[in-house]
Amino acid sequence: MLLITFAGLFKILPNKSEEITMSDDKNNILDEVTQGEYKYGFFTDIEMETAPKGLDEGTIRFISEKKKEPEWMLDFRLKAFERWKTMKEPNWAHLNIPPIDYQNIIYYAAPKKKPQLDSLDDVDPELLETFNKLGISLDEQKRLTGVAVDAVFDSVSVKTTFQDTLKKHGIVFCSFSEAVQNHPDLVKKYMGSVVPAGDNYFAALNSAVFSDGSFCYIPPGVRCPVELSTYFRINSAGTGQFERTLIVADEGAYVSYLEGCTAPMRDENQLHAAVVEIVALKDAEVKYSTVQNWYPGDKNGKGGVYNFVTKRGMCKGNQSKISWTQVETGSAITWKYPSCVLLGDNSIGEFYSVAVTNNHQQADTGSKMTHIGKNTKSTIISKGISAGFSNNSYRGLVKIARRAENSRNFSQCDSLLLGDKCGAHTFPYIDTGNSSSIVEHEATTSKISDDQLFYCLQRGIDTEKAIGLIVNGYAKEVLKQLPMEFAVEAQKLLAVSLEGSVG
Amino acid sequence: MLNIKNLHVAIEGKEIIRGLNLEVKAGEVHAIMGPNGTGKSTLAAVVAGKEGYDVTQGEVLYHHKDLLEMATEERALEGIFLGFQYPVEIPGVSMTNFMRTALNEQRKYRGLDPIPPGEFLERMEKAKKLVDIHDKLTNRSVNEGFSGGEKKRNEIFQMAMLEPTLAILDETDSGLDIDALKVVAHGVNMLKSKDNATIVITHYQRLLEYIIPDFVHVLFDGKIVKSGGKELAIELEEKGYEWLKAEAV
Ligand SMILES: Nc1ncnc2c1ncn2[C@@H]1O[C@H](COP(=O)(O)OP(=O)(O)OP(=O)(O)O)[C@@H](O)[C@H]1O
Ligand SMILES: [Mg+2]
């Protein structure tokens, strides 16, 4: 697995509600649309050390040992593995999942060379090349943004001065493995506190074999001065990817965290089962944004990543807030429901999602908002876009506990269909335990009309670009939640993902 | 510039245009009038290249090229502009973004770089002034929530931005109050030059008091049954279309 962690790669947004101006960037994006194809499909040939295929207790001990983990971490893994063995894959989603042979997967892969590096010059040139292909030239980013970058390729870490700035604020931002070594108390306290090891089949699997991921802790009263960002990439063949992210915002803290991901094009399917846990204490706010772009498989549905992810945030303290924004364009199959448990009074949960499926992709995604504290508020804005032969489902649960008086939820689930061979489905579940709370649900299904297309064509905008425009317009409410640079990336992806879907 | 010869067009097997001839030269303004449902919008749609229309006979030449062979967007890029009778809404796409995209497509087609932001803004300001359109409108999504009159002004605004060679305005005057009508007509007149041409489709002689046509044609039952100067419009206003029926046969 390749894990790249960036601190401050993206500028801080001057104003949250600022509209995305789809100006120059937008047009550049649209120019790129014509190139199409999955452009992250390259494979980097770096010498890897891998575990033998298959999963048993030995595999888990092997992983833990490779990572030089303390006893408590190994225990956590082994307990999770015991749970996993008793569990079954969930089958309630509107997905057609081919059987997965869990013994035919490599659960550990890391680059062989692991020197501690002091500067970019010491980095494996292959690795730098990978960054470049991902569009992340470290030098470039440094020069342009004037901020330092922290890149981690497993334990190969390029430390930069920016870590010092974070340190000055007491912010911890590192790989999960490093956190286990250097911040065991924090990890022990919060890991599994939001997504217990036995929460579901894939969470249990992840808890047993997770490879790496990001860890982030913001101390009380600190507003993280930059966006924290991580890029994940599956690289080795036949390897499953199981990353784990834990974000803790202590009382009154604020952080905006971004995650992006890509994978090489391969004929066989690759399994990805991640866990993300977020904890927001009293008055804290966490904004989590992701652009998911795992390889979706080819036009005929061959290959692609199976993306089975458990993401959950706990608004633990009063007045805390967690906001999920996701742009889902990749993966052959997506099973993902970023959720919020609103434990603290007056806490707020938000979920903004754009999910695109094209060709033979399948997505079953949505959110779960569990209101427990009084006066809690949640918002769900879901925009599904289906094209080709794909299936796109929204699944949501809004649960209001009896004691969660005066709580409110607003859900808006829109589906946009391109073509007539794709499917859009909405499964909203509502469970209200008291009468002082209000739950509102709105849903629409629409198509891009011929008249809209003709209007664009008549102004000289070709079909592909017109669809890019219309789809981005449709998804604007969600896209504007993203930090600027990420939004630009997301717009581009939307357009590229839908290429060739009409006309 | 535009030369339509013996055009026959059918929609779903039903012949709507039945042997239409029309020649438009650079610098001219043509008005097309005629009762409801006689094929005026159909003619505009066929010239602009909307799908779903079968040209069963005849030809359409544009600058001596076979227009019917050209893709819809190519026709637009070659300078054909259609002011829609019923402009559609495109939610979430701001007018500004829409115009910039369209303009840059045009520039790309002509081998030019994307328009610099400053120049774009200047052009927007000029076009806005020309049709007296507010920032409020250009900041909103394309036609979304625009009133009927605002939509029509917005069409002329786009025309001013794109500077077409051949503009076809399909009932741009209907739904406009008298002041708006003057504004729109003023816009069209300002954009007029010896190199471009305009076809206005209208039901009202009123518009032609402000946009002086060189020719007025009456479209009846899929054919042009009478052509004349601007005095024909006045005659139509007085007499209606009944008296022309005989000529349609
Ligand atoms: N998509 C369509 N399918 C079927 N019939 C159509 C379609 N479009 C137009 N028609 C028919 O073709 C005929 C001509 O329509 P058109 O819109 O060109 O008339 P028009 O002259 O523009 O009328 P108006 O003055 O009311 O705008 C009408 O009978 C109309 O019902
Ligand atoms: Mg009409």
Side-chain angles (χ1 to χ4, degrees), chain A residues 18-34 352 354 381 383 385 412 414 416 444 446-481 487-488 490-491 494-495 502-503, chain B residues 44-45 47-53 70-110 113-117 120-121 139 141-144 155 158-159 161-162 164 168 170:
Chain A
E18 193 183 56
E19 202 190 317
I20 304 166
T21 45
M22 301 188 208
S23 48
D24 279 343
D25 292 331
K26 176 68 196 185
N27 284 290
N28 295 338
I29 290 160
L30 290 173
D31 288 345
E32 282 179 42
V33 172
T34 40
Y352 299 96
V354 179
I381 308 284
K383 304 269 181 181
I385 302 162
Q412 166 100 40
D414 298 328
L416 183 68
T444 66
S446 51
K447 287 192 164 204
I448 293 183
S449 72
D450 291 346
D451 285 340
Q452 284 174 328
L453 272 182
F454 177 55
Y455 198 80
C456 294
L457 289 170
Q458 211 302 304
R459 299 305 186 239
I461 302 167
D462 68 29
T463 307
E464 298 276 340
K465 285 195 179 67
I467 288 172
L469 263 183
I470 295 169
V471 162
N472 275 306
Y474 165 79
K476 195 178 199 170
E477 230 178 315
V478 174
L479 296 179
K480 75 179 181 197
Q481 298 293 330
V488 168
Q491 288 171 1
L494 286 189
V502 166
Chain B
V47 172
K50 191 173 182 187
E51 304 232 331
Y53 297 81
M70 290 159 73
T72 311
E73 67 270 26
E74 197 186 341
R75 300 183 198 190
L77 294 168
E78 284 287 342
I80 293 181
F81 178 91
L82 175 58
F84 284 79
Q85 183 173 4
Y86 305 109
V88 295
E89 303 189 354
I90 309 179
V93 179
S94 75
M95 263 323 290
T96 309
N97 185 26
F98 185 68
M99 271 298 96
R100 189 197 288 260
T101 307
L103 207 56
N104 281 338
E105 284 305 296
Q106 194 183 73
R107 290 174 66 102
K108 195 165 84 188
Y109 188 74
R110 294 173 189 169
D113 286 335
I115 188 163
F120 176 72
L121 285 179
N139 289 334
S141 299
V142 177
N143 293 319
E144 199 180 32
E155 294 296 292
Q158 293 176 55
M159 175 179 163
M161 288 297 288
L162 297 171
I168 305 169
D170 192 357

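Computed over heavy atoms, backbone and side chain alike; hydrogens, waters and symmetry mates excluded. To find a chain, count down the sequence lines: A is the first, B the second, and so on, and within it residues start at 1. This is a predicted model, so every value here is computed, not measured.
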Exercise for review: Could you tell me whether B:Glu105 and B:Lys108 make a salt bridge, using a distance below 4.0 angstrom between a side-chain N and a carboxylate O?
Suggested key: yes

Review point. Which one, B:Glu74, B:Gln106, B:Gln158, leads in non-hydrogen pairs under 4.5 Å with chain A?
Key: B:Gln158

Practice item. Would you indicate whether the side-chain heavy atoms of B:Leu162 and A:Arg459 approach each other to under 4.5 Å? Key: yes

Check your understanding: Within the distance-only criterion (no hydrogens, no angle test), does the side chain of B:Ser141 pair as donor or acceptor with the backbone N or O of B:Glu144 below 3.5 angstrom?
Key -> no

Check your understanding: chain A heavy atoms under 4.5 Å from B:Pro87: which part of the residue, side chain, backbone, both or neither?
Key -> both

Check your understanding: Under 3.5 Å, side chain of A:Gln452 to main-chain N/O of A:Ser449, donor-acceptor pair present?
Key -> yes

Review point. Do B:Arg100 and B:Phe98 meet the cation-pi criteria used here (NZ or CZ under 6.0 Å from the six-membered ring centre, within 45° of the axis)?
Key: no

Check your understanding: Among B:Leu77, B:Ile80, B:Leu82, who wins on heavy-atom pairs under 4.5 Å with chain A?
Key -> B:Leu82

Revision key, fill the gap. Looking only at A:Ile461, A:Asp451, A:Asp450, most heavy-atom pairs under 4.5 Å shared with chain B are made by A:Ile461

Check your understanding: Who wins among B:Glu155, B:Glu51, B:Arg75 for the most heavy-atom pairs under 4.5 Å with chain A?
Key -> B:Glu155

Exercise for review: Examine whether an atom of A:Tyr474 lies under 4.5 Å from a heavy atom of chain B, and if so say whether it belongs to the side chain, the backbone or both; otherwise answer neither.
Suggested key: backbone

